[in-house]
Undergrad: 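The structure that follows is given in the form of structure tokens.
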Number of protein chains: 2
Amino acid sequence: MGNRKRIVEMCLDLMNEEGSRAVGTSRIADELGISPGNLYYHFKNREEIVMVIYEDLDADFRAALVEDVHAPISPERFAGFFLRTLQVAWEYRFFFGGMLHLLRRDEELAARYAGLQAWAIDTIEGILTQLIKDRSLTRPKAKTGLRSMAINLWIVWSNWIRFIQVSDPSGEVRRDHLIQGVGQLLDILAPYLDPSFEKAGRRVLTRELKKFAEEAADPAS
Amino acid sequence: MGNRKRIVEMCLDLMNEEGSRAVGTSRIADELGISPGNLYYHFKNREEIVMVIYEDLDADFRAALVEDVHAPISPERFAGFFLRTLQVAWEYRFFFGGMLHLLRRDEELAARYAGLQAWAIDTIEGILTQLIKDRSLTRPKAKTGLRSMAINLWIVWSNWIRFIQVSDPSGEVRRDHLIQGVGQLLDILAPYLDPSFEKAGRRVLTRELKKFAEEAADPAS
DNA sequence: GTCTATACATAGATAGAC
DNA sequence: GTCTATCTATGTATAGAC
């Protein structure tokens, strides 16, 4: 694998582990056993590395939210949206952790992320609208209810990992925390969901939790 | 006013404006027209300044959430909890913006904030329980529903300001954004709220919005 | 309490050899 | 494509005079 790619991956790993601020260009180079000069041959500056990573995040998130959206939306697929996107939030957790600072220092990144956020909220609203058509969701009374719901889902989604990290500073985030996050998102919608749809969605979580517990007990597989 | 206090206030202002990371000790001293040495006479290090500010935040938040909690809880008081606490989140927005980084570099701060978070979620759950006793809120079906609701309220609360900041990178956060945030929090509870209780709560927001619009139109007052 | 001067570490970035 | 060497800027913090 070329050094360019190795730099990006090391940067992502280190930043996820220690936060974006703690990771500088010299640190990345050190860790890879290459020279700072080499790193700067591949990238104009530190921002550029982060931007490359952000592009992956952006693409992964959009793919996770758009994948398999054909109507009607099954509870399994609906739970899948949440689970896949939370997985993305986990894989790029450094970004959400240090977001404000990263965006402040890079206007282009700020604009792009604002765009992703706007798109995400619209798309979530679209999914909710589809659920209403499918009769899996009751329309909220207030006109702005759907949008408000989409915003709340987005906020909880984009901050769930941080919430877990802060709750237990010395603990690590595990897959069951992600599954718990999906439950948390479902709870926002619960009062509007068709009971059997909700039940089926929750079953997916129970199944995932079981799978995780088994893997944890038997790491061989 | 003594320099110690001026340092704390300047630090808070600068960090709120530019993010905690962008503000160093030399910058604070510069801005106040005092020497770095003077700053270090008053504080052991930068962490200590942040800790002093955090202590205010902690106290202000607790006071805002506990103030005037006698049962039964009126819709006006309930809306007041949200409005006052969001005001606190706004006054110390630097902390929420750079939280993960701040907590990573200061174990004591991390422990204290984790404590505040746990207390807050418990206290919110307590308020919801009181609302159920008052018959202003319907108990959610799931056993863990109340707690989940409290967590969602907390997550949206603690990240609302950041959400607004990121939504419009070049815009400023105004009081009407805070009021919108209260609406957002109410929406999480809406399906469980007694309709007349909810209506009265919303009226508080309309009134606050009107007050803000008038003040904006007539800054003299 | 406050100042000047300075030490020290680290991070971002570049020049030029190989 | 990669290296060594180095520059520059900045931030944290201290020593010692006033």
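In what follows, every chain begins at residue 1, and chains take the letters A, B, ... in the order their sequences are listed. These values consider heavy atoms only, across backbone and side chains, with no hydrogens, waters or symmetry-generated copies. Note that the coordinates shown come from a computational prediction; the quantities given were computed from them, not determined experimentally.
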Undergrad: For B/Asp122, what residues pass the salt bridge (charged side-chain N to carboxylate O under 4.0 Å, His left out) criterion, not counting sequence neighbours?
TA: B/Arg147

Undergrad: Measure from the side-chain N and O atoms of B/Gln184 to the backbone N and O of A/Ser148, and report whether any donor-acceptor pair falls under 3.5 Å.
TA: yes

Undergrad: With sequence neighbours excluded, what pairs up with A/Asn159 under the side-chain contact (heavy atoms from CB on, under 4.5 Å) test?
TA: A/Ile155, A/Arg162, B/Ile155, B/Asn159, B/Arg162

Undergrad: Let's see if you get this right: which residues in residues 93-101 of chain A place a heavy atom under 4.0 Å from DNA chain C?
TA: none

Undergrad: Output all residues satisfying side-chain hydrogen bond (donor to acceptor under 3.5 Å, both in side chains) with A/Arg93, sequence neighbours left out; order by chain, then residue number.
TA: none

Undergrad: Can you list the residues that meet the salt bridge (charged side-chain N to carboxylate O under 4.0 Å, His left out) rule with A/Glu108, with sequence neighbours excluded?
TA: none

Undergrad: Taking five pairs at each end, how big is the angle between the two axes of the helix from C/dG1-D/dC18 to C/dC18-D/dG1, to 10°?
TA: 0°

Undergrad: Among residues at least two apart in sequence or on other chains, which ones pass side-chain contact (heavy atoms from CB on, under 4.5 Å) with A/Glu55?
TA: A/Met51, A/Arg112

Undergrad: Which residues satisfy the salt bridge (charged side-chain N to carboxylate O under 4.0 Å, His left out) test with B/Lys5, sequence neighbours excluded?
TA: none

Undergrad: Earliest and latest nucleotide of DNA chain C, 5' to 3', sitting under 4.0 Å from a non-hydrogen atom of chain A?
TA: C/dA11 to C/dT14

Undergrad: Determine, using ring centers only, whether A/Tyr113 and A/Trp119 are less than 6.0 Å apart.
TA: no

Undergrad: For DNA chain C, find the residues of residues 37-53 of chain B with a heavy-atom distance under 4.0 Å and give them by number; none if there aren't any.
TA: B/Gly37, B/Asn38, B/Tyr41, B/His42

Undergrad: By the side-chain hydrogen bond (donor to acceptor under 3.5 Å, both in side chains) test, which pairs, at least two apart or in different chains, include something from residues 97-107 of chain B?
TA: A/Arg21-B/His101

Undergrad: Using a 4.0 Å cut-off on heavy atoms, which residues in residues 22-34 of chain A reach DNA chain C? List them by number, or say none.
TA: A/Gly24, A/Thr25, A/Ser26

